[in-house]
2 protein chains.
Amino acid sequence: MTDNPSYKERKVITIGVVSELTGLTERQIRYYEERKLIFPERSPKGNRKYSFGDVEQLLDIANKREEGVQTHEIRQDMLKQQRKEERKNRKELLRGEINARFGIQKD
Amino acid sequence: MTDNPSYKERKVITIGVVSELTGLTERQIRYYEERKLIFPERSPKGNRKYSFGDVEQLLDIANKREEGVQTHEIRQDMLKQQRKEERKNRKELLRGEINARFGIQKD
DNA sequence: CGTGTAAGGAATTCTGACACG
DNA sequence: CGTGTAAGGAATTCTGACACG
């Protein structure tokens with residue numbers, strides 16, 4: 001409540017800083033975007049902006065690449081993981097709705 | 001434990017983004033640094049880098065300035081607040097040391 | 001005091017392409 | 001496939017200074 005807790009997802013970091021933070025070259029970072037592994041926002045004039053979450057994602061990608069995993073495979077894994085999360089979210093949403101109607105009343 | 005919780009203090013944001021985030025001009029942001037109200041880091045080639053914490057600090061400064069508070073007064077208040085925190089920290093540190101010697105043993 | 005602005009230069013970022021493998 | 005690099009241009013940032021008030 002004291003302030004916005006979205007520091008991790010706020011896209012505010014330029015590519016040069018991301019490069020320093022991850023040890024990846026700008027070329028690599030842009031390429032992973034081309035392969036749809038990362039999704040920076042753009043400033044009004046077109047400069048890429050990343051979040052801390054993106055930086056972590058890039059660190060994971062870097063590890064997998066070192067293990068020889070191809071970007072295509074990394075992408076497949078990401079999509080799988082994403083679907084898994086969505087199922088979990090739907091389940092929790094449903095649980096909340098049931099509780100709202102039949103659960104303990106708080107008011 | 002999942003990852004570094006220092007997103008708030010990590011200095012990674014360039015002045016242009018800080019300007020967008022705060023609504024302040026770059027001129028103003030640099031001036032507040034000159035008046036020692038804000039302390040960005042510098043990249044190897046001299047570019048300023050701010051944290052989310054700095055952004056919040058600048059938002060506070062902007063509010064005070066709108067109320068007509070001068071930078072000098074803002075700085076005085078900051079220093080007072082800082083000394084207050086330091087006293088609190090020393091007290092807690094002392095408390096911890098006493099506990100370590102005479103408190104409940106955990107091993 | 002606090003902020004705007006023009007000035008000149010250096011560093012940043014962008015895109016599209018060629019290279020290698 | 002994944003990455004390096006040279007190319008040219010546009011946008012960013014920096015400092016020191018003059019202006020106004």
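Everything numeric in this text was worked out from a predicted model, so none of it was measured. Convention: sequence-line order gives letters A, B, ...; per-chain numbering from 1.
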Point to revise | B:R35 side chain near C:dG2 phosphate (N/O to OP1/OP2, under 4.0 Å) | key: yes

Practice item. Pick base, sugar-phosphate or nothing for B:T25, based on heavy-atom distances below 4.0 Å to the nucleic acid. Key: sugar-phosphate

Exercise for review: Whole angstrom is fine here: how far is it from CG in B:L58 over to C1' in C:dG2?
Suggested key: 15 Å

Exercise for review: To the nearest Å, give me how far apart CD (A:E26) and P (D:dA6) are.
Suggested key: 15 Å

Check your understanding: Does a salt bridge link B:R35 with B:E73, judged by any charged N lying under 4.0 Å from a carboxylate O?
Key -> no

Point to revise | 5' priority, DNA chain C, between B:V69 and B:N47 [closest heavy atom] | key: B:V69

Check your understanding: At under 4.0 Å, does any side-chain N or O of B:R30 touch on OP1 or OP2 of D:dC14?
Key -> yes

Study note, to complete from the structure: Taking a pair to mean Watson-Crick or G-U wobble geometry with both distances below 3.5 Å, C:dC20 pairs with D:dG2

Check your understanding: Tell me, do A:D54 and A:K11 make a side-chain contact under 4.5 Å, heavy atoms counted?
Key -> yes

Review point. Any idea which of C:dT3, D:dA11, C:dG2 is nearest the B:Y32 side chain?
Key: C:dT3

Review point. Taking CD1 from B:I61 and C1' from C:dG2, how many angstroms apart are they, rounded to a whole number?
Key: 13 Å

**Study point:** Selection from D:dG2, D:dT13, C:dT3 that lies nearest to any side-chain heavy atom of A:Q70
**Key:** D:dG2

Review point. Within the pair A:R48 and D:dA11, is there a side-chain N or O less than 4.0 Å away from OP1 or OP2?
Key: no

Review point. Got A:K49 and B:E20 here, is their nearest side-chain heavy-atom distance under 4.5 Å?
Key: yes

Review point. Tell me: CG of A:L24 to C1' of D:dG4, nearest whole Å?
Key: 14 Å

**Study point:** Counterpart base for D:dA7, defined by Watson-Crick or G-U wobble contacts under 3.5 Å
**Key:** C:dT15

Check your understanding: Nearest to the side chain of B:R27 - D:dT15, D:dA11, D:dC18?
Key -> D:dC18

Exercise for review: Can you tell me the distance, in whole Å, between the OH atom of B:Y50 and the C1' atom of D:dC14?
Suggested key: 11 Å

Review point. Can a side chain N or O of B:R65 be found less than 4.0 Å away from OP1 or OP2 on C:dT3?
Key: yes

Review point. Is the shortest heavy-atom distance from the side chain of B:E41 to the side chain of B:R48 under 4.5 Å?
Key: no

Check your understanding: Considering only D:dT3, D:dT13, C:dA11, which nucleotide approaches the side chain of B:K45 most closely?
Key -> C:dA11

Point to revise | Short side-chain N/O contact from B:S43 to OP1 or OP2 of C:dA11, under 4.0 Å | key: no

Check your understanding: A:R42 or B:Y31: which one's nearest nucleotide on DNA chain C is closer to the 5' end?
Key -> B:Y31

Review point. When hydrophobic residues are tied together by side-chain contacts of less than 4.5 Å, even through go-betweens, does B:I61 share a cluster with B:L79?
Key: no

Check your understanding: Would one find a side-chain N or O of B:T71 under 4.0 angstrom from OP1 or OP2 of C:dG2?
Key -> yes

Review point. For residues 15-70 of chain B, which residue pairs qualify under ring-ring contact (aromatic ring centres under 6.0 Å, His included), counting only residues two or more places apart or in two chains?
Key: A:Y7-B:F52

Point to revise | A:E34 CD to C:dG16 P, straight-line distance once rounded to whole Å | key: 10 Å

Point to revise | Atom pair distance, as rounded to whole Å: CD1 in B:I29 and P in D:dT12 | key: 14 Å

Revision key, fill the gap. Closest of D:dT13, C:dC14, C:dT3 to the B:Q28 side chain is C:dT3

Practice item. For A:K64 and D:dG2, give me the distance from atom NZ to atom C1', rounded to whole Å. Key: 17 Å

